[in-house]
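When a ligand or atom number is given, it counts from 1 through the structure's own listing order.
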Amino acid sequence: MKTIIVKNYDEMSKVGADIFAQIILDKPNGVIGLATGSTPIGLYKKLIEKCTNGEISFKGIHTVNLDEYMGLPSSHEQSYAFFMRDNLFNHIDIDINNTNIENGVAPDAQAECERYNKVLDELRPDIQLLGIGSNGHIAFNEPGTPFDSVTHVVELTESTIKDNSRLFDSIDEVPTHAFTMGIKNIMNAKKILILASGANKAKAVYRLLKEKITEDLPASILNTHADCTLICDEAAASLINNI
Ligand code: PGA
């Protein structure tokens with residue numbers, strides 16, 4: 001894994017956006033894998049700027065997203081579909097029909113997982129963006145998820161529900177289940193970019209770089225990917241030395 005340590009969140013977002021922009025320039029009809037959460041918002045702002053300036057265009061780009069809460073329709077403000085429109089898609093020249101995410105209110109969850117796996121087979125990302133959970137999860141693949149998992153429904157752990165509750169009016173409103181790409185789907189991306197910012201990610205970053213590869217730390221599998229870059233700011237890198 002290539003590790004880039006930058007000063008702060010803004011630097012992380014800038015360096016990450018430059019990597020994405022280059023891929024979009026190299027392959028204007030490519031596939032980009034996107035993520036939700038607090039971490040990528042700055043990167044998305046920089047991509048919006050680049051698109052507004054005419055530096056890049058998303059006209060031919062397809063997107064796939066990692067995960068979606070079960071039970072929230074795409075119109076719900078806390079759904080990840082809403083997040084993506086609000087933080088990126090509504091501000092760039094992408095064709096919304098070329099954006100893909102699990103349907104949180106699909107009537108048949110198993111059929112929805114199968115549908116999404118087919119989408120992912122057809123649209124292999126040229127780059128997949130990831131955050132990392134404080135417990136080392138990637139997407140909603142919590143500790144213990146098999147490395148060969150594909151899209152599935154998960155029951156969220158207490159730690160993830162707590163992490164995400166800041167975005168809801170109360171912790172009781174946080175959905176308890178979600179659809180998520182599996183780890184095998186994520187590893188299928190040609191390139192992976194992980195972002196980590198802030199002291200609350202320092203332990204996860206330390207474990208990612210220093211601990212053995214184990215399903216107890218889902219992100220650890222990324223160490224075996226042929227083209228994976230971690231960008232973390234100084235606060236997130238604070239527990240690692242000599243890297
Ligand atoms: P965050 O979430 O960007 O909101 O910290 C990252 C994750 O849980 O994957």
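Counting atoms of ligand 1 from 1 in the listed order, those under 4.0 Å from a heavy atom of Arg166 are 4 (O). With ligand atoms numbered from 1 in the order given, ligand 1 contributes 9 (O) to contacts under 4.0 Å with heavy atoms of Gly131. Listed by number with element, the atoms of ligand 1 under 4.0 angstrom from any heavy atom of Lys201 are 1 (P), 5 (O), 6 (C). Short contacts between ligand 1 and His137, defined as distances under 4.0 Å to a heavy atom of the residue, involve ligand atoms 7 (C), 8 (O), 9 (O). Taking every non-hydrogen atom of Gly133 and a distance limit under 4.0 Å, the qualifying atoms of ligand 1 come out as 7 (C), 8 (O), 9 (O). Numbered from 1 in the order shown, with element, the atoms of ligand 1 that lie under 4.0 Å from a heavy atom of Gly37 read 3 (O), 4 (O).
Salt bridge Arg207/Asp216: absent, no basic N to carboxylate O contact under 4.0 Å.
You'll find the ring centres of Tyr69 and Phe140 inside the 6.0 Å limit. Taking the ring centroids of Phe179 and Tyr116, they lie at or beyond the 6.0 Å cut-off.
Contacts with ligand 1 closer than 4.0 Å are made by no heavy atom of Asn164, backbone or side chain.
At the shortest separation from atom 3 (O) of ligand 1 among protein heavy atoms lies Thr39 OG1, 2.4 Å.
Remark: Leu230 CG to Ile5 CD1 distance equals 8.0 Å, nearest 0.5 Å.
At least one side-chain heavy atom of Asn223 sits less than 4.5 Å from a side-chain heavy atom of Leu208.
The only option from Lys2, Lys191, Lys190 that meets the side-chain hydrogen bond (donor to acceptor under 3.5 Å, both in side chains) definition with Asp227 turns out to be Lys191.
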